[in-house]
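Quick notes on the structure that follows.
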Amino acid sequence: MPRESKRALRERANRIFELLAEEYPDAECALRHRSPFELAVATILSAQTTDERVNMVTPELFGRYPDAHALAAADLAEVEEIIRSTGFYRNKARNIVGFAQALVEEHGGEVPRSMEALTALPGVGRKTANVILGNAFGIDEGIVVDTHVKRLSRRLGLTREENPEKIERDLMVLFPRERWTLLSHLLIFHGRRVCDARRPRCEACVVAGLCPSSRV
DNA sequence: ATCCCGAGGG
DNA sequence: CCCTCTGGAT
């Protein structure tokens, strides 16, 4: 069995992207809020939880603290109480209030638009910054390689690498830049709902026909 | 029992 | 590099 050509691989990869985008039309806006501020805060809260859980607390959170100035002056204990169900709530409360304070003090209350400025802010690492840049500003800086993206990329035969940075490079070559951000969301959605670590449900998978690991 | 759209700190 | 922080889903 001959190895798949680069061209064939790229075509298969982008066909997978299109099928997943069709399957999960709301993947890109699951965390999209009214302003970059809301999106950034919601993204910080989303660490180690689901979008659904974050979306349950954001109405109350942004009802009380509609902008960076309000959140910067918030009472920590109150914020903790509101976001409790998202997990890591003490860290996250400290982070989003500190984030708001940094926005006010260093960026005039606005969310900055560069990877460097974002990752300098409390609670924002590379992954969170990537999501903020992609969803709030349409800037595709890179691909977030979390455990889902890693697992699915390998199962789908998009990479043979193990190292997340090498996986990211392979994916960046395979997909046009304007698909980088959405790709992460699609693989994460699919990883949670269908292609999980324990028992992948190939019979319910829309890209099973394009997947070398599929059992069907 | 185990895993998760992570970041910060020792 | 390894640890901690948390709740919820499965």
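All of these numbers come straight from a predicted model, not from anything done at the bench. Proteins come first, then strands; the chains are lettered A, B, ... in the order of their sequence lines, and each starts at number 1.
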Spacing between A/E80 atom CD and C/dG7 atom C1', to the nearest angstrom: 14 Å
With rounding to the closest Å, how many angstrom separate the C1' atoms on B/dG9 and C/dG7? 22 Å
Report yes or no: is there a donor-acceptor pair, N or O only, under 3.5 Å between the side chain of A/D196 and the base of B/dC3? no
Without decimals, in angstroms, what is the distance between A/R53 CZ and B/dC4 P? 18 Å
Main-chain N/O of A/T86 paired with A/T49 side-chain donor or acceptor, under 3.5 Å: yes
Euclidean distance, atom CZ of residue A/R199 to atom P of B/dA1 [Å, nearest integer]: 23 Å
Side chain of A/R154, backbone of A/E161: donor and acceptor closer than 3.5 Å? yes
A/R192 side-chain N/O to B/dC4 phosphate OP1/OP2 under 4.0 Å: no
Using a heavy-atom cut-off of 4.0 Å across all strands, would you classify A/T147 as base, sugar-phosphate, or nothing? sugar-phosphate
Once you apply a heavy-atom cut-off of 4.0 Å, does A/T50 come out as touching a base, just sugar-phosphate, or nothing? nothing
Quick check on DNA chain B: between A/A197 and A/R94, whose nearest nucleotide comes earlier from the 5' end? A/A197
Want to settle it: does A/V144 or A/R198 sit nearer the 5' end of DNA chain B, counting the closest nucleotide to each? A/R198
With rounding to the closest Å, how many angstrom separate the P atoms on B/dC3 and C/dC3? 15 Å
Does any N or O in the side chain of A/N14 come within less than 3.5 Å of the main-chain N or O of A/L174, such that one atom is a donor and the other an acceptor? yes
Quick check: does any side chain N or O of A/R15 sit under 3.5 Å from a backbone N or O of A/V207, one acting as donor and the other as acceptor? no
Suppose you measure atom P in B/dG10 against the same atom in C/dT6; what distance do you get, rounded to whole Å? 16 Å
Of C/dG7, B/dG8, B/dG6, the nucleotide closest to the side chain of A/N95 is B/dG8
With P as the reference atom in both, quote the distance from C/dA9 to B/dA7 in angstrom, rounded to an integer. 23 Å
Check whether any side-chain N or O of A/T49 sits under 4.0 Å from OP1 or OP2 of C/dG8, and answer yes or no. no
If you count heavy atoms of other groups shown closer than 6.0 angstrom to CZ of A/R126, is the number above 12? no
Rounded to whole Å, the NZ-P distance (A/K92 to B/dC5) equals 11 Å
Could you give the CG-to-P distance, from A/D146 to B/dC4, as a whole number of Å? 8 Å
A/Y24 has an atom OH; how far is it from atom C1' of B/dC5, in whole Å? 15 Å
What nucleic acid atoms does A/L121 come within less than 4.0 Å of, heavy atoms only: base, sugar-phosphate, or nothing? sugar-phosphate
Calculate the interatomic distance between A/I188 atom CD1 and C/dA9 atom P; express it in whole Å. 19 Å
Nearest-Å distance for atom pair CD/C1', residues A/E52 and C/dG7: 15 Å
Quick test: give all pairs of protein nitrogen or oxygen and nucleotides 2-5 of chain C nitrogen or oxygen below 3.5 Å, distance rounded to 0.1 Å.
unit_1 : atom_1 : unit_2 : atom_2 : d
C/dC5  : O2     : A/N91  : ND2    : 3.2

For A/W180 and A/F175, indicate whether the former's side chain and the latter's backbone hold a donor-acceptor pair under 3.5 Å. yes
side-chain contact (heavy atoms from CB on, under 4.5 Å) between A/V79 and A/Y65, intermediate numbers included: CA-CA 9 Å; A/V79 175; A/Y65 313 111; 3.9 Å; yes
Main-chain N/O of A/I143 paired to A/E168 side chain as donor or acceptor, under 3.5 Å: yes
